[in-house]
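Data block below; observations after.
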Amino acid sequence: MTLAFAEAINSETVDFTGYDYPGTGLFLCDLEATLRRLRGIRLRLTLSRIDFPLGQEAALELATAIDDHSVIAGYDASGRLLILYLGPRPEGPRGDAVAFTTIMSKLREALDREGHVGIDGGRIETLHGWSDALADSKSMLRELDQVPAIPLAAVIAHAA
């Protein structure tokens with residue numbers, strides 16, 4: 001993604017301050033670009049925000065370890081990890097459960113690989129939605145703000 005594209009999106013609709021993404025500079029910029037590419041396409045998306053006491057450097061390591069062909073991962077200025085799952089899933093509510101489990105498995109693997117164990121006190125918020133119903137990245141994050149957080153340790157143990 002070019003800086004000119006990021007600036008064009010930024011000046012148009014979204015304030016990207018405080019969000020980062022390994023490799024391209026801005027997580028929200030990639031999220032916004034992804035949502036724009038999906039306009040007119042009905043695809044189920046899952047966005048998780050994980051708040052745990054590991055700090056920004058660890059969030060960068062984890063985002064880099066998690067990011068792959070089915071996931072865009074990044075973090076915000078406070079070190080909260082953001083994971084957008086775009087991969088395959090079954091239809092219906094079972095598909096959301098599969099997406100969530102996939103995110104948790106990728107997180108557990110990254111935590112193990114990077115040597116992080118301090119997830120006590122961590123919390124996760126997860127939003128499932130259709131790409132054609134999500135206006136932009138900022139709206140998506142506002143919707144995520146309305147989702148109740150659940151303890152991370154309670155769900156990540158099941159992904160192991």
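Residues: numbered from 1 along the sequence shown. These values consider heavy atoms only, across backbone and side chains, with no hydrogens, waters or symmetry-generated copies.
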Any residue meeting side-chain contact (heavy atoms from CB on, under 4.5 Å) with [X], in chain and number order, not counting sequence neighbours:
X: A149; answer: R123, E125
X: P88; answer: Y85
X: S139; answer: A135, D136, R142

Is there a side-chain contact between [X] and [Y] (heavy atoms, below 4.5 Å)?
X: F100; Y: I124; result: yes
X: I72; Y: L31; result: no
X: L60; Y: Y75; result: yes
X: L84; Y: M140; result: yes

Specify the closest pair of heavy atoms between A59 and L81, including all atoms of both residues, with the distance to one decimal.
->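 Looking at all heavy atoms of both residues, the closest pair is O-CD1, 3.7 Å.
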Closest non-hydrogen atom pair between A110 and A65, with its separation =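 Closest approach of A110 to A65: CB-CB, 3.8 Å.
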Which residues pass the side-chain hydrogen bond (donor to acceptor under 3.5 Å, both in side chains) test with [X], sequence neighbours left out?
X: S70; value: D68
X: R42; value: D132
X: R89; value: T46, D96

Is the side chain of T126 donor-acceptor paired with the backbone N or O of S48 at a distance under 3.5 Å, no angle test?
->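 No; zero donor-acceptor contacts below 3.5 Å.
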Among L127, V147, D145, whose side chain to side chain contact (heavy atoms under 4.5 Å, CB included) with R49 holds?
->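 Exactly one option meets the side chain to side chain contact (heavy atoms under 4.5 Å, CB included) with R49, and it is D145.
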